[in-house]
Amino acid sequence: MNCATLIVVTASLLSWTAAIFHHSNKGKEKDLQYLVEPPVYAEVTARRGENITLPCVLRIKPSHYRVKWTKVDPLHRGVENVVLITNGHADKHYGPLGPRARLRRAHVLDISLLLSGLQLEDDGQYRCEVINGIEDESVDISLRIEGVVFPYQSSSGRYKLTYIKAKEACAEQDGTLATYKQLYRAWTEGLDWCNAGWLNDGTVHYPILDPRPGCRGDLPPGIRSYGPRDRMQEHYDAFCFTSITEGVVFYVPGPLDFSEAVRACREKEANLARVGQLYSSWRFVGLDQCDGGWLQDGSVRFPINTPREHCGGIPEPGVHSFGFPSKSLRLYGAYCYR
């Protein structure tokens with residue numbers, strides 16, 4: 001870690017703005033003529049798998065106009081991720097979001113966007129744009145997928161993941177690389193982790209609530225940042241993000257080695273759970289099991305919602321890890337997903 005480049009970002013330095021309203025007319029700000037600036041619903045919150053509406057309403061209906069919905073991608077500025085374009089009579093759908101998108105049309109002035117079957121990658125900012133000849137104006141609405149951030153490291157040990165490997169690791173564990181907003185929210189909810197990890201924008205951070213030796217204990221609580229790092233050459237852990245799942249995680253008692261755990265789940269028409277699925281069940285279902293169990297990646301973990309004396313002596317709720325023990329050990333049960 002290069003401490004000289006370390007930046008501490010604290011809550012007092014961050015401005016929590018739910019959404020930015022973007023008005024454009026050849027690059028100049030102006031009062032909205034055609035669109036209603038949303039007084040509410042600046043941020044819409046939903047869970048993976050749900051259907052949601054991103055509201056957008058016309059103030060007046062131009063005689064000739066187009067409506068364009070795009071997903072704003074802060075990682076690739078200048079790239080337009082068009083979701084849907086309509087002239088009021090015919091709609092055209094684009095990209096991976098297109099097949100799951102349509103206009104609500106609850107009334108003649110309604111150009112709100114309906115998205116079905118939300119996925120983790122749908123989190124972000126969307127732009128509703130009205131184009132009338134050479135004039136255009138737009139408003140932005142944020143979609144926040146409700147979920148949980150979890151730190152993840154390779155079975156090979158600490159700081160073994162390049163950016164690409166970190167993305168792959170999160171995907172394999174039913175997640176995506178977290179955004180900075182998601183990490184910040186997790187920090188405000190109690191995430192305290194002393195290992196630095198990749199985020200989706202190629203920056204590296206770690207969240208600290210309890211400053212201590214080895215975690216820059218001389219600095220106040222906050223999000224420790226190393227800024228953008230070399231995605232090909234540098235190695236860190238990862239911060240992954242997941243949301244609610246359709247299936248159910250359940251525990252099968254041991255003692256089992258890893259191969260026996262795989263078979264035990266299959267006998268119940270299930271598979272060993274992924275790390276993200278265990279975190280999701282802990283967060284959204286309240287899974288509380290004081291027994292270590294094998295997971296699909298070869299790690300052993302257990303979820304606790306009610307800390308108690310005879311459950312590892314750990315005072316905080318969370319998903320706790322025994323790391324990656326030898327797969328031949330017959331000491332644990334299994335967490336299955338069906």
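Sequence positions, counted from 1, serve as the residue numbers for this chain.
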Take Tyr34 and Asn132 through the side chain to side chain donor-acceptor pair (under 3.5 Å) test and state the conclusion after the steps.
-> CA-CA 9 Å; Tyr34 302 113; Asn132 181 29; 2.7 Å; yes

With side chain to side chain donor-acceptor pair (under 3.5 Å) as the test, would you mind laying out the steps for Gln277 and Asp174 before giving the verdict?
-> CA-CA 7 Å; Gln277 292 165 344; Asp174 191 47; 4.5 Å; no

Residues Asp297 and Val275: closest non-hydrogen pair is OD2-CG2, 3.5 Å

From CA spacing to verdict: side-chain contact (heavy atoms from CB on, under 4.5 Å), Arg127, Lys68 | CA-CA 8 Å; Arg127 181 161 295 153; Lys68 179 168 68 173; over 6 Å; no

More than 12 non-hydrogen atoms from neighbouring residues, nucleotides or ligands closer than 6.0 Å to CZ on Arg100, yes or no?
-> yes

Are the aromatic rings of Phe239 and His205 close, with centres under 6.0 Å apart?
-> no

Minimum heavy-atom distance Arg102-His93, with the two atoms named | CA-CE1, 4.4 Å

Side-chain (Ser154) to main-chain (Ser156) donor-acceptor, under 3.5 angstrom | yes

Is the ring centre of His235 less than 6.0 Å from the ring centre of Tyr159?
-> no

Donor-acceptor pair between Arg105 and Thr86 side chains, under 3.5 angstrom | yes

Might you work through the side-chain contact (heavy atoms from CB on, under 4.5 Å) test for Cys56 and Trp69, ending with a clear yes or no?
-> CA-CA 10 Å; Cys56 189; Trp69 275 95; 3.5 Å; yes

More than 12 heavy atoms of other groups within 6.0 Å of Lys167 NZ = no

Nearest heavy-atom contact between Leu256 and Ala334 is CD1-CB, 4.2 Å

After noting the C-alpha distance and the side-chain angles of Thr203 and Trp198, does the key distance pass the side-chain contact (heavy atoms from CB on, under 4.5 Å) rule?
-> CA-CA 6 Å; Thr203 59; Trp198 291 103; over 6 Å; no

Is there a donor in the side chain of Asn195 and an acceptor in the side chain of Arg158, or the other way round, less than 3.5 Å apart?
-> yes

Would you say His64 has more than 12 foreign heavy atoms packed within less than 6.0 Å of its NE2?
-> no

Check for a donor-acceptor pair, side chain of Asn81 on one end and backbone N or O of Gly95 on the other, with a separation under 3.5 Å.
-> no

Between Trp294 and Tyr332, is the ring centre distance below 6.0 Å?
-> yes

When you check the side-chain N and O atoms of Arg104 and Ser112, is any donor under 3.5 Å from an acceptor?
-> yes

